[in-house]
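Data first, discussion second: the structure below is written as structure tokens.
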Number of protein chains: 2
Amino acid sequence: MEVNRSDTATRILEVSELLFVEHGFEATSLRMITQQAEVNLAAVNYHFGSKDALFESVFMRRFTPLISACLAELDALEAKGAGDSIERVVMTFIRPCLALSRDPARGGALFVRLLSRALVENHRLLREALSREYSEFVERYTQAFRRALPELGEQDLSWRMHFAFGLMFNAFAGNDVLKIFRKSPVVTARDPEAIVQHLVPFVLAGLTMPASD
Amino acid sequence: MEVNRSDTATRILEVSELLFVEHGFEATSLRMITQQAEVNLAAVNYHFGSKDALFESVFMRRFTPLISACLAELDALEAKGAGDSIERVVMTFIRPCLALSRDPARGGALFVRLLSRALVENHRLLREALSREYSEFVERYTQAFRRALPELGEQDLSWRMHFAFGLMFNAFAGNDVLKIFRKSPVVTARDPEAIVQHLVPFVLAGLTMPASD
DNA sequence: GTAAGTTTCAAACGGTTGTTCGAACAATAA
DNA sequence: TTATTGTTCGAACAACCGTTTGAAACTTAC
């Protein structure tokens, strides 16, 4: 039956998202997942086929809409002829991330951490899928950045995009490298709006400084 | 005998460093390590006690000297009265990282990736050890940044340090989030000097922009 | 009602995990 | 030399892994 199927499957998806973020893919066993989701052990293989396929489902469920939202914002910006404002281009990426972080079910916020983890872990299950299906994302943003920062050479442009996206991904993922060294985090507030309020000027300062080459 | 012991133990350490970076802690089995290091399976438990303890040894072997080197540079800078130059303060962190990245045995460069992985994975084996023994690191740099950027409020200062260190850690770890989306990396050169050349101005731009609060 | 199709369930599969053990070996010291 | 200590080795341990299976339970359609 459709309702039950969906019920079990999405319960698995949600618990998996939580556990994958908390312990990582390898350290999360199907038994941990199915116990916490209160479903039978065999349910994962029945509904998703394998643990690997489950991970892809968990990931893509959030990732595809996020990428689409960013590109849609970029489309809209360029349509109204405001594509040469670097701040606005940056915001087309920030806003969908912000929306995810605000997800009332908290699943979205979790996912940003999963995304960041998957990227630095260079996950074997995602390497092909990402470069195959989402190279458009990078191409589009490279174009957009080039247009909004016309005074930069290709070298400068590459480096600054590299730093800017790394910074933004990590900021939303809440990867506070300093927090880990001491008991109380440097920044107590995890409020996504507060992040953006400080993150955007920082990123823009780096992006708009005078060209080096 | 001392030579043999060290030989086996350090061979384990070096292979582990490589495999932990490549596959992660959980996905690296003792059998993979001992096979590649050409030592007996039981050698790990004999020399290190457990897989967990091995990880701590692998990590601390590089981490402790790195932190010490940074603090020594900071000491030297303040001793010669140049502590109010934010660029020089930043460089006291950059230079030891750079030295690690240039390690001819390549172990150092690998470690920076391991460090970054461990930080975003928030490794259970490191959480306590780091905040227990290395809070001095954060304290010292917070002081140094506060002195070099006196016009900033505490809020601004926290955020900017948060962004700056996240950026620097990721840059040295070579976590190119854009690279993953397409076949050829945005930045082909992995040359540490080239990284620094572009990284430092970017970080300084964010750190020195006008205060927001 | 019966039949067909879908989903759940307990149990087991073969394989791998980290760890332990005691014997074998090597090296040092008396 | 013998005794002692530190190290290596193969074999085994119990526990856990992802996956499969076939029967039970349930839902839907006729």
Side-chain angles (χ1 to χ4, degrees), chain A residues 1-61 114 117-118 121 123-126 129, chain B residues 1-61 114 117-118 121 123-126 129:
Chain A
M1 199 241 203
E2 185 54 32
V3 177
N4 276 350
R5 187 219 167 275
S6 156
D7 201 23
T8 298
T10 64
R11 203 155 58 237
I12 291 175
L13 282 175
E14 260 144 36
V15 171
S16 301
E17 188 167 52
L18 184 75
L19 294 179
F20 284 156
V21 167
E22 200 159 354
H23 307 106
F25 176 74
E26 312 279 354
T28 302
S29 74
L30 294 183
R31 283 166 178 83
M32 292 166 62
I33 294 172
T34 52
Q35 260 170 255
Q36 188 151 334
E38 297 179 85
V39 301
N40 187 271
L41 170 60
V44 168
N45 287 277
Y46 176 75
H47 286 285
F48 298 95
S50 69
K51 190 188 176 187
D52 285 8
L54 169 63
F55 181 79
E56 262 202 60
S57 292
V58 168
F59 192 87
M60 290 304 173
R61 179 172 71 131
L114 181 63
R117 256 189 102 133
E121 287 181 12
H123 229 287
R124 70 186 159 87
L125 301 172
L126 299 177
Chain B
M1 197 237 202
E2 184 55 31
V3 176
N4 276 350
R5 186 217 169 276
S6 157
D7 200 24
T8 298
T10 65
R11 204 155 58 240
I12 291 175
L13 282 174
E14 259 143 36
V15 171
S16 301
E17 187 168 51
L18 184 76
L19 293 179
F20 284 156
V21 168
E22 200 160 352
H23 307 106
F25 175 75
E26 312 280 354
T28 303
S29 73
L30 293 184
R31 283 164 180 84
M32 292 166 63
I33 294 172
T34 52
Q35 262 172 253
Q36 187 153 334
E38 297 179 82
V39 301
N40 188 269
L41 170 61
V44 168
N45 287 278
Y46 175 75
H47 286 285
F48 299 95
S50 69
K51 189 188 176 188
D52 284 8
L54 169 63
F55 181 79
E56 261 202 61
S57 293
V58 168
F59 191 87
M60 290 304 174
R61 179 172 73 130
L114 181 63
R117 255 189 102 135
E121 287 181 13
H123 230 285
R124 70 189 158 84
L125 302 171
L126 298 177

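A note on names: the letters A, B, ... follow the listed sequences, proteins ahead of strands, and every chain is numbered from 1.
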Taking 4.0 Å as the cut-off, does a side-chain nitrogen or oxygen of B:His47 come that near to OP1 or OP2 on D:dG6?
no

Distance, rounded to the nearest Å, where [X] contributes [atom1] and [N] contributes [atom2]:
X	N	atom1	atom2	answer
B:Phe48	D:dG6	CZ	C1'	16 Å
A:Glu38	C:dT8	CD	P	14 Å
B:Asp7	C:dA26	CG	P	16 Å
A:Asn40	C:dC9	CG	P	6 Å

So salt bridge (Lys or Arg N to Asp or Glu O under 4.0 Å) across residues 29-53 of chain A, not counting sequence neighbours, yields A:Asp52-A:Arg124

The salt bridge (charged side-chain N to carboxylate O under 4.0 Å, His left out) partners of A:Glu14 (sequence neighbours excluded) come to A:Arg61

With five pairs defining each end axis, the helix from C:dG1-D:dC30 to C:dA23-D:dT8 comes out bent, to 10°, by 10°

Under the rule for side chain to side chain contact (heavy atoms under 4.5 Å, CB included), what residues qualify as partners of [X], not counting sequence neighbours?
X	result
A:Ala27	A:His23, B:Glu26
B:Val21	B:Leu110, B:Arg113, B:Leu114
B:Ala43	B:Thr8, B:Ile12, B:Val39, B:His47
B:Ala53	B:Ser50

When rounded to the nearest 0.5 Å, the distance separating CD of A:Glu17 from CG of A:Leu54 is 10.5 Å

Aromatic ring pairing B:His123/B:Phe55, orientation class (parallel under 30°, perpendicular over 60°, tilted between): parallel

Nucleotide by nucleotide, nucleotides 16-21 of chain C touches protein heavy atoms under 4.0 Å in the pattern (B base, S sugar-phosphate only, - none) -BBBBB

